[in-house]
Amino acid sequence: MSRILHRPGRVLATALCLAGIAAAGCSAQQPAQHFHTPRPEGGAADPTAGDTATGTPPLGAAPPHLDGAARGKTIMVVGDSWAANLAQGMSAVTSGHTTVVNAGLGGCGIRLPAGDDVPARCRTWLKDWPSYLKKYQPDATILMVGYWDVEPQRLTAKAEPKDLTSPLHRAAFAANLDHAVDLLTTSGKTVYLMTSPLIANSPLRDSARAMNQVLRAADQKREDVKLLDVAGQLCNNAACPKVIRGISAYDPTRHLTPPARDRIATWALNTVFTRSES
């Protein structure tokens, strides 16, 4: 069951609140077991971390530095609870001048492991996303997944769970990503893929790096895909600091804090719509 919320004074700030997500105007929290916060110390160099080496990550763009190109646009954000959190930030920084369709679903992703490992609600994206495109007709769509998809999963019911460091599991994720992009580009609009920030000293860092390689490959081979390097905004090649530019980056639920979230949301909107206008 979904519902559309129109917040007072923000008639254009639309949030799609799905069961189990924290979205604009929704109070539901995400299950903590799906999240692993990057630690600030140590970590090996990572070629997928963006342009920063060991310096301070950019942490997006400071509001209110929102490009006017986002005004009057509609953007849809799909994926996991980080996607939902990002959409919440977009609603906040656009102050009702941009329609934000929040289709982030906590604890879900695009990998579809065998057996009962996937909650039924996490399988609905195959039919839900095309219906949202038809209904809301967004100017652009952002896909962000990470926590569910980088964890060990089974390809068959009796197989050993493995993460994306396994070539077979990485290939399966790449195939699902291609299918997801195919669904999201039926209207001819670009899909923006967000990299995973779990790339430094996280238990899942190697799997996250493998995911980011798949995302970068999709960006290189498909004209209907563009990359939004969130990892490069939150991490350098050595770490993903808990505090960036004096701002606490992560809250107790291991999502971005509102100040960090709003900076990433502003950066993402500026990047998406400046590219769209160019």
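Owing to the predicted nature of the structure, the values given are computational and were not obtained by experimental measurement. As a basis for the values below, the full set of heavy atoms in this structure was taken, side chains included, without hydrogen atoms, waters or symmetry mates.
For the atom pair CH2 of Trp125 and CG of Leu112, the computed distance is 5.5 Å after rounding to the nearest 0.5 Å. The distance from atom CG of Leu155 to atom OG of Ser166, rounded to the nearest 0.5 Å, is 7.0 Å. Atoms CD and NE2, from Glu160 and His169 in turn, are 8.0 Å apart once rounded to the nearest 0.5 Å. Expressed to the nearest 0.5 Å, how far CD1 of Ile75 lies from OH of Tyr136 amounts to 15.0 Å. Here Leu143 contributes atom CG and Met76 contributes atom CE; the two are 9.5 Å apart, rounded to the nearest 0.5 Å. Atom CZ of Arg111 is separated from atom CE of Met211 by 8.0 Å, given to the nearest 0.5 angstrom.
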Take Val191 and Asp224, measure what side-chain contact (heavy atoms from CB on, under 4.5 Å) needs, and give me the verdict at the end.
CA-CA 6 Å; Val191 171; Asp224 50 6; over 6 Å; no

Run Asn236 and Thr56 through side-chain contact (heavy atoms from CB on, under 4.5 Å) and show every step you take.
CA-CA 7 Å; Asn236 54 40; Thr56 302; over 6 Å; no

Given Tyr250 and Cys240, is the side-chain contact (heavy atoms from CB on, under 4.5 Å) satisfied, shown in steps?
CA-CA 10 Å; Tyr250 304 98; Cys240 300; 4.1 Å; yes

So Val272 and Asp139, side-chain contact (heavy atoms from CB on, under 4.5 Å) or not? Walk me through it.
CA-CA 10 Å; Val272 167; Asp139 297 288; over 6 Å; no

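For Thr98 (side chain) and Ala70 (main-chain N/O), a donor-acceptor pair under 3.5 Å exists by modelled atom type. With Asn270 contributing its side chain and His65 its backbone, the two residues share a donor-acceptor pair below 3.5 Å. Within the 3.5 Å criterion, the main-chain N or O of Asp206 finds no donor-acceptor partner in the side chain of Thr165. Glu151 contributes no side-chain N or O that, together with a main-chain N or O of Leu204, makes up a donor-acceptor pair within less than 3.5 Å.
The two residues Leu183 and Leu133 have their closest heavy-atom pair at O-CD1, 3.2 Å. Considering all non-hydrogen atoms of both residues, Pro241 and Pro57 come closest at CD-CG, 4.0 Å.
Listed by chain and residue number, nothing satisfies the salt bridge (Lys or Arg N to Asp or Glu O under 4.0 Å) test with Asp163 (two or more places apart in sequence, or in another chain).
Classification of Lys221 and Asp178 as a salt-bridged pair holds, one side-chain N sitting under 4.0 Å from a carboxylate O. Between Asp251 and Arg261 there is no salt bridge, since none of the side-chain N atoms of the basic residue sits less than 4.0 Å from a carboxylate O of the acidic one.
Checking each of Asp182, Leu193, Thr190 against Arg222 for a side chain to side chain contact (heavy atoms under 4.5 Å, CB included) leaves exactly one that passes, namely Asp182. Here the options are Asp229, Asp219, Asn212, the test is side-chain hydrogen bond (donor to acceptor under 3.5 Å, both in side chains), and the partner is Thr195; only Asp229 passes.
Taking the side chain as every heavy atom from C-beta outward, His179 and Leu126 approach each other to under 4.5 Å. Here the side chains of Leu59 and Trp267 are not in contact, with every heavy-atom distance at 4.5 Å or above. You'll find the side chain of Glu223 stays beyond 4.5 Å of the side chain of Thr185, heavy atoms only. Using a 4.5 Å heavy-atom cutoff, the side chains of Ser187 and Gln137 are not in contact. A 4.5 Å side-chain heavy-atom check between Lys189 and Thr141 finds every atom pair outside the cut-off.
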